[in-house]
Amino acid sequence: MTATTTSAPNAPAFEDAHRYDPAVIEPKWRAAWESAAIYRVDDDAPGPKWYSLTMYPYPSGVLHVGHWYAFAVPDVFARLQRMRGYNVMFPMGFDAFGLPAENAAIRNNIHPATWNVENIAAMRRQYDLMGAMIDWSREVNTSDPSYYQWNQWFFLRMLERGLAYRANGAVWWCPNDQTVLANEQVLEGNVCERCGAEVYKRDLEQWYFRITDYAQELLDELDALDWPERVKTMQRNWIGRSEGARLQFALETGDSLEVFTTRPDTVFGATFMVIAPEHPLVDRLTTDEQRSRVETYVARARTQSDIERQSTDEAKPKTGAFTGSFAINPVNDERIPVWIADYVLMTYGTGAIMAVPAHDERDFQFARAFDLPIRVVIQPDDVDPLYPATMEESYHGPGRMVNSGQFNGIAVPESIPQVIAWLDEQGRGKAEVIFRLRDWLISRQRYWGTPIPVVYCDACGMVPVPDSDLPVVLPLDAEFTPTGQSPLVHHAEFLTATCPTCGGAARRETDTMDTFMDSSWYWFRYTDPQNDTAPFDPARAAMWTPVDLYCGGIEHAILHLLYARFFTKVIRDLGMIDFGEPFTRLRNQGIILAAEGTKMSKSRGTQVGPDEIVAEHGADALRLHLMFLGPWEQGGPWNDRGITGMERFIRRAFLLVSESSTRELTGSAGNDTEAALRASIHRTIKRVTNDLEGFHFNTMIAALIEFTNELMKLKDEPVANTPVWREAMETLTLLMAPSTPYVAEEMWSRLGHPFSVHLQTWPVFDEALAVVATVEVPVQVNGKVRDKIVVPTGSPEAVLLDAARASGKVQEYLTGKSIVREIVVPDRLVNIVVK
RNA sequence: GCGGGCGUGGCGGAAUGGCAGACGCUACGGUCUUAAACAUCGUUGAGGGAAACCUCGUGCGGGUUCGAAUCCCGCCGCCCGCACCA
């Protein structure tokens, strides 16, 4: 106490009053915002709606600065929109189901529900600390039955429409733990990460969503979205559309083997066929003398992990086995052998291919490895013809069809539709489009997720739980520590059910839903979070959605964003909304790394939390620092070196406003001086506004700092006692409000305005007022700057040229030379070319 | 292998055809202070020069242009995505 009251002899007492102290002002305004509920979102508030969404976090514990990076920056944008007159929704929730909570709970011997409650409380406090504009009354917690019952409701709607189905799928199985494993849980050598037992692929019944029904639409509608090109490309590749044809090859066994090809025009060059080791016809096609070889090969393929099998190491040779059977090429009735090889995937196309070694790289390698015939059916124009014996690689370029009967001479690519038309006519094939995208496997043999709302009755089979019985509540008293089996299997009370159809005894489904289910529609729930009769009221969704701006990490470029798009289309088809794309505009922030450039890690202790930094520098300074690190999309290693610069800036801005608020600002300083300051005000408004709109937060702050530095130079000049100065102070405060909400509120209050700066209107720049009276223009001779001239803004070319030629320094470089050309860019540059 | 992105001072970065290095950090020097902190003023790409200034300089090599960090061609390096997709 004594230290602050005893000020230094010649330090005026008022200086203490102008001291910036975030430890005092931040809690003060945080409390004021809360008690005035200024961030409460009202559906009926005036102004067009703006839905600003940020990917909700996992309740993993405490926040680190990366969370602030992801959340405080969109908060700045949401605040801008609000000041610009929009009715802004900026909600918050927690993605509370899933493996991390379950694993952490097991590790810490605490129930995942308890773990979540504790974490959410801690995180909520830290989000408030950053001064984010969150309306907590709309908070969503996906592990709450009031939320996940609607997952179940959507599931039932999908089941009714055939969009949800059960099917067998090959999944990794650990015979010791008696459980399926994720691909990531299978270690090298195909052993279980938990018990070390050897694992294998097993066909198990799983639940799927028919996302492939929407493949074409998911692809087409990407084009119109204002999303990063990178994300759109990743989704396009993931969906993986291929145009081609489906062909039937007759087999000598009497079966028909279907293949898909993008090059039906090379069918005359098919000299053998290959089917995947998992193909259903393997057994029937294998002859007795080949059986032992085939069985060995298939068994080996089965135990290989996907990673090994799909690796494309150049060195990795093609492997395979001959079935002993032959197929008939439908175009020329040739008898060609059928092989089995793991380079053909059961999960793509039909799981079988016609091999055209002359024109497919993989088929070529296989043919060379097993000494199978190669036939050229496309010959390049104007280049040496291809000969099977001497080819070193397959040929994919342009050319004309050869060895292809009536098609000889037809050029690629017109060859493709012509061959398809003929195949169709002959009933041997037809045009087809296939996708790489597979249906979404949504069932998990895990505890901490939404129970799948169906029961199994001995009499009626699988029966959906009626809507009136929802939610199917996840029992909190289940034994969830790992026993190798789905925990709900051992929960008698949960397991026992009554069949809704016949009233007989039934067994409940014990699988839970993939957590991505929760995040596939959560933003609709924010529009109507308390609704207990529907997931949301369509009228409220119509008011708020689609989301205008969605911010989040690039790591969700495919899965979450694809599922969310799929779900939106399903919800549209249920008649609840009338659009199919959830997020109009998407922006990805970069990742904040640890100082060493590695990922921030809790276990390695490289995580940096916001609390200490806020205590030392204030939340406003941390917000600015994160924005100023570089382009938001870029991310980068964390460092706290620059934060002092942000603190200095805030202190100066605060000092300027605070000091001038005690002065009478009725003086005058001459028209030119006042106009110059006003021009500076308007140029700053323009820069800050444009930079914010373009997500250039780092340069936005640079503009604010430059403006403040300029004002610092003027603060003891006469202009600092004029009404324009007051304008400068108010503009600075308003422009800072989105980025530094706390100190801006304090500045606004010191300027004598009523609470709150965050309810004010964003300043608008006037292009005419932003114009400066004179500009300095560089004068070049042969592209090198030799002098600078000062001319009135907007001077015509002739004036610039005269001034340039009149410069003594320029003259020196002109003497003895002749002028070849003169280039004038008004207000920018003069270049005199001499020889 | 295919696709995308990036390469600028001691550091983070700015400038997307027109004065390279805005803005910030760091470092050094000055002012204020009994001192420190805070603040404040100045210098801070390299080389040369007493100075005015001059020369060089945006990964490397070429090109287009009056003019290139920016556009084009060829390399080198780093990062990200996909990866036997028929």
Side-chain angles (χ1 to χ4, degrees), chain A residues 3 8-11 15 19-20 228-231 233-234 236-238 240-242 244 259-264 266 274 276 307 309-314 316 318 341-345 347-356 359-363 365-366 434-438 554-555 557-558 590-591 624-625 628-631 633-634 636-649 651-652 655 696 698-709 712-713 776-788 809 820-825 827-834:
Chain A
N10 47 0
E15 277 197 355
R19 252 180 99 89
Y20 165 65
E229 234 9 86
R230 187 160 59 130
V231 175
T233 304
M234 282 164 76
R236 282 191 196 104
N237 292 342
W238 186 263
R241 184 181 193 274
S242 288
V259 301
F260 173 81
T261 176
T262 53
R263 291 297 302 276
T266 63
V274 187
I307 294 158
R309 180 157 161 198
Q310 293 187 0
S311 87
T312 50
D313 283 346
E314 285 301 304
K316 193 196 168 192
K318 289 278 179 289
D342 65 2
Y343 81 90
V344 172
L345 309 173
T347 45
Y348 187 76
T350 62
I353 61 155
M354 62 173 206
V356 184
H359 306 289
D360 181 279
E361 194 189 331
R362 297 146 300 175
D363 298 346
Q365 287 166 9
F366 195 81
I434 64 164
F435 295 91
R436 209 186 73 112
L437 182 70
R438 319 250 204 287
I554 188 76
E555 68 274 18
I558 296 175
I591 300 165
L624 285 183
H625 178 60
F628 197 65
L629 278 173
E633 288 82 0
Q634 188 178 299
W638 167 257
N639 75 75
D640 57 6
R641 286 194 309 275
I643 198 167
T644 54
M646 298 302 107
E647 218 177 340
R648 279 176 201 153
F649 156 63
R651 209 176 275 132
R652 288 154 159 249
L655 179 82
H696 306 304
N698 53 339
T699 50
M700 181 271 294
I701 294 168
L704 286 172
I705 293 173
E706 280 177 61
F707 184 49
T708 305
N709 289 349
M712 283 297 283
K713 289 198 172 78
E776 190 189 61
V777 174
V779 180
Q780 301 180 336
V781 178
N782 285 350
K784 287 196 196 317
V785 179
R786 296 305 180 185
D787 198 10
K788 288 170 186 179
K809 286 178 196 161
V820 180
R821 203 172 154 184
E822 291 163 319
I823 289 120
V824 181
V825 183
D827 294 341
R828 292 302 290 269
L829 160 132
V830 175
N831 187 11
I832 300 173
V833 185
V834 298

Paired nucleotide for [N] [Watson-Crick or G-U wobble; both distances under 3.5 Å]:
{"N": "A39(B)", "answer": "U31(B)"}
{"N": "C6(B)", "answer": "G77(B)"}
{"N": "A20(B)", "answer": "none"}
{"N": "A69(B)", "answer": "none"}
{"N": "C53(B)", "answer": "G48(B)"}

Whole-Å [atom1] distance, [N] and [M]:
{"N": "G49(B)", "M": "A39(B)", "atom1": "P", "result": "38 Å"}
{"N": "A46(B)", "M": "G21(B)", "atom1": "P", "result": "14 Å"}
{"N": "A69(B)", "M": "G18(B)", "atom1": "C1'", "result": "13 Å"}
{"N": "G74(B)", "M": "C28(B)", "atom1": "P", "result": "48 Å"}
{"N": "C71(B)", "M": "G7(B)", "atom1": "P", "result": "10 Å"}
{"N": "U44(B)", "M": "G29(B)", "atom1": "C1'", "result": "11 Å"}
{"N": "U8(B)", "M": "G61(B)", "atom1": "P", "result": "16 Å"}
{"N": "U16(B)", "M": "C82(B)", "atom1": "P", "result": "32 Å"}

- prompt: Separation of D787(A) atom CG from C54(B) atom C1', in whole Å?
  reply: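 Atom CG in D787(A) sits about 15 Å away from atom C1' in C54(B).
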
Are there more than 12 heavy atoms of other residues, nucleotides or ligands under 6.0 Å from atom [atom1] of [X]?
{"X": "R828(A)", "atom1": "CZ", "result": "no"}
{"X": "I591(A)", "atom1": "CD1", "result": "no"}
{"X": "R241(A)", "atom1": "CZ", "result": "yes"}

Closest nucleotide among [options] to the [X] side chain:
{"X": "D360(A)", "options": "A86(B), C56(B), G18(B)", "answer": "A86(B)"}
{"X": "R651(A)", "options": "A83(B), A39(B), C66(B)", "answer": "A39(B)"}
{"X": "I823(A)", "options": "C66(B), U55(B), A86(B)", "answer": "C66(B)"}
{"X": "F260(A)", "options": "A86(B), A83(B), G81(B)", "answer": "A86(B)"}

Could you check whether any side-chain heavy atom of [X] comes within less than 4.5 Å of a side-chain heavy atom of [Y], counting everything from C-beta outward?
{"X": "I554(A)", "Y": "E633(A)", "answer": "no"}
{"X": "W638(A)", "Y": "H625(A)", "answer": "yes"}
{"X": "R652(A)", "Y": "N709(A)", "answer": "yes"}
{"X": "L629(A)", "Y": "N639(A)", "answer": "yes"}

query: Once the angle between the rings of F366(A) and Y343(A) is folded into 0 to 90°, is it parallel (under 30°), tilted (30 to 60°) or perpendicular (over 60°)?
result: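 Rings of F366(A) and Y343(A): tilted, as their planes differ by 30° to 60°.
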
message: On RNA chain B, compare the nucleotides closest to G636(A) and I558(A); which residue's is nearer the 5' end?
response: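 Its nearest nucleotide being more 5', the pick is G636(A).
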
Please write out each protein N/O paired with an N/O of nucleotides 19-25 of chain B under 3.5 Å, distance rounded to 0.1 Å.
residue : atom : partner : partner atom : Å
C19(B)  : O2   : K788(A) : NZ           : 2.6
A22(B)  : O2'  : E706(A) : OE2          : 3.3
G24(B)  : OP1  : N709(A) : ND2          : 2.9
C25(B)  : OP1  : R648(A) : NH1          : 2.5

